[in-house]
Amino acid sequence: MLVLALDTATPAVTAALAEVTDGGLKGLGERRTVDPRAHGELLAPQIRRVLGDAGVQPGELGAIVAGTGPGPFTGLRVGLATAASMGQALGIPAYGICSLDAIGRAAGPGRVLVATDARRREVYFATYLDGARVTGPDVAKPTDVQVDADRAVGEGAVKYSEVFAVPIDDRVLYPSGEALIALALDRIRSGAPGDPLTPLYLRRPDAVAAAQRKPVLP
């Protein structure tokens, strides 16, 4: 089965294609462009290119996997809306995976802190042990993150490396499409129904309800 993976939870706009078999999965290609302000413009061309590179038509896809964040609202909704609409149009299931989980899986063994840039001088973060999440996801200022890890990965870890008192591995910055598919492998193989693709925003609200009504007249 051919599976397309999409992620727009970070500044990286990612589209990847893999073939899922009973024995595992085989990556067929991945396209990634880092631009925090052009998710909407970049995702569709990335999909066309990754499918074109493999000589695959959209109708040949058997499933879609999408990163559900956490991530900023504007970028994240591009990937999720695209995955949901493609799944509906093609009549195939779309599965959601926490984007931090894909980074945690790609980071490999050990106890790892995954941190991505949440803007507003905050990070989205979670802790992983041998690729499995043990805490999070959450959002906080870097100075408020309790680091219980041997090393840290992700663009947020690199950006705030002076705050996290652990070694920083800058080889894993963004969610891998192949890792997203690997995390959804059991559901894909079993033909499980698709997910609602609920986004993980985690952002505290900017607006706060007024404690009392303000008079309109002096």
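Of all heavy-atom pairs between Ala126 and Gly136, the closest is CB-CA, 4.2 Å. Residues Ala192 and Pro93 approach most closely at O-CB, 4.0 Å, considering heavy atoms. A pairwise comparison of heavy atoms in Ala18 and Ile181 identifies CB-CD1, 3.6 Å as the closest pair. A pairwise comparison of heavy atoms in Ala102 and Leu180 identifies CB-CD2, 3.7 Å as the closest pair. Nearest approach of Pro72 to Ala9, heavy atoms of both residues: CD-O, 3.5 Å. Summarising the geometry of Pro142 relative to Phe164, their closest heavy-atom pair is O-CE2, 3.9 Å, with the distance given to 0.1 Å.
In this structure, Leu25 is not a member of the same hydrophobic cluster as Leu17, with clusters built from ILVMFWY side-chain heavy atoms closer than 4.5 Å. No path of Ile, Leu, Val, Met, Phe, Trp and Tyr side chains, each step under 4.5 Å between heavy atoms, connects Tyr95 with Leu6, placing them in separate hydrophobic clusters. Leu76 and Leu197 fall within the same hydrophobic cluster, defined by Ile, Leu, Val, Met, Phe, Trp and Tyr side-chain heavy atoms under 4.5 Å apart, directly or through other members. In this structure, Val147 is not a member of the same hydrophobic cluster as Val114, with clusters built from ILVMFWY side-chain heavy atoms closer than 4.5 Å. When the side chains of ILVMFWY residues are joined at heavy-atom separations under 4.5 Å, either directly or via intervening members, Val166 and Val112 end up in two distinct hydrophobic clusters.
In this structure the side chain of Val163 never reaches within 4.5 angstrom of the side chain of Lys141, judged on heavy atoms. Within the 4.5 Å cutoff, the side chain of Tyr128 has no heavy atoms near those of the Arg105 side chain. The shortest side-chain heavy-atom distance between Cys98 and Pro70 falls under the 4.5 Å cut-off. With contacts defined as side-chain heavy-atom distances shorter than 4.5 Å, the pair Leu113/Val153 does not qualify. Side-chain contact between Leu51 and Pro58 is present, with at least one heavy-atom pair separated by less than 4.5 Å. A heavy-atom distance below 4.5 Å is not found between the side chains of Val139 and Val123. Counting heavy atoms from C-beta outward, Asp35 and Leu42 have side chains that approach closer than 4.5 Å. Residues Ile103 and Thr116 meet the side-chain proximity criterion, which asks for heavy atoms closer than 4.5 Å.
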>> Could you walk me through whether Glu155 and Thr10 satisfy the side-chain hydrogen bond (donor to acceptor under 3.5 Å, both in side chains) test, starting with their C-alpha distance in whole Å, then the side-chain angles of each, then the deciding distance to 0.1 Å, before giving a yes or no?
In response: CA-CA 9 Å; Glu155 52 159 350; Thr10 70; 4.7 Å; no
> Yes or no on side-chain contact (heavy atoms from CB on, under 4.5 Å) for Arg133 and Leu100, after CA distance, side-chain angles and deciding distance?
Replying inline: CA-CA 9 Å; Arg133 183 174 3 126; Leu100 297 182; over 6 Å; no
>> Could you go through Glu30 and Thr14, starting from their C-alpha distance and side-chain angles, then the distance that decides it, and tell me whether this counts as side-chain contact (heavy atoms from CB on, under 4.5 Å)?
In response: CA-CA 7 Å; Glu30 181 159 327; Thr14 301; 3.6 Å; yes
>> Assess the residue pair Arg111 and Asp150 against the criterion (salt bridge (Lys or Arg N to Asp or Glu O under 4.0 Å)); give the C-alpha distance rounded to whole Å, side-chain angles, the decisive distance to 0.1 Å, and a yes or no.
In response: CA-CA 6 Å; Arg111 196 170 185 90; Asp150 302 319; over 6 Å; no
>> Test side-chain contact (heavy atoms from CB on, under 4.5 Å) on Val34 and Leu173; report intermediate values, then the result.
In response: CA-CA 11 Å; Val34 179; Leu173 297 178; over 6 Å; no
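Residue Val65 forms a side-chain contact (heavy atoms from CB on, under 4.5 Å) with just one option from Leu185, Asp195, Val3, and that option is Val3.
With sequence neighbours excluded, the residues satisfying side chain to side chain contact (heavy atoms under 4.5 Å, CB included) with Ile92 are Leu61, Ile64, Leu90.
The 12-atom threshold is exceeded at CD of Glu162, counting heavy atoms of other residues, nucleotides or ligands nearer than 6.0 Å. Residue-environment remark: CD (Gln88) stays at or below the threshold of 12 foreign heavy atoms within 6.0 Å. Enclosure of atom CZ in Arg189 by more than 12 non-hydrogen atoms of other residues, nucleotides or ligands within 6.0 angstrom is indicated.
Using modelled atom types, no side-chain atom of Arg187 and backbone atom of Ser190 make a donor-acceptor pair closer than 3.5 Å. Judged by distance alone, the side chain of Thr82 and the main-chain N or O of Val78 form a donor-acceptor pair under 3.5 Å. Checked by atom type and distance alone, the side chain of Tyr201 never pairs as donor or acceptor with a backbone atom of Gly69 at under 3.5 Å.
Distance check, rounded to the nearest 0.5 Å: CD of Gln146 to OG1 of Thr135 gives 9.5 Å. To the nearest 0.5 Å, atom OG1 of residue Thr8 and atom NE2 of residue His39 are 5.5 Å apart. Here the CD-CG distance, from Glu122 to Asp138, works out to 9.5 Å after rounding to the nearest 0.5 Å. Of the inter-residue distances, the one linking Tyr160 atom OH with Ile168 atom CD1 reads 13.0 Å to the nearest 0.5 angstrom. Interatomic distance, CG of Leu80 versus CZ of Arg77, reported as 11.0 Å (0.5 Å rounding). For the atom pair CG (Leu2) and CG (Leu28), the distance works out to 6.5 Å, reported to the nearest 0.5 Å.
In this structure, a donor-acceptor pair under 3.5 Å is absent between the side chains of Tyr174 and Asp7.
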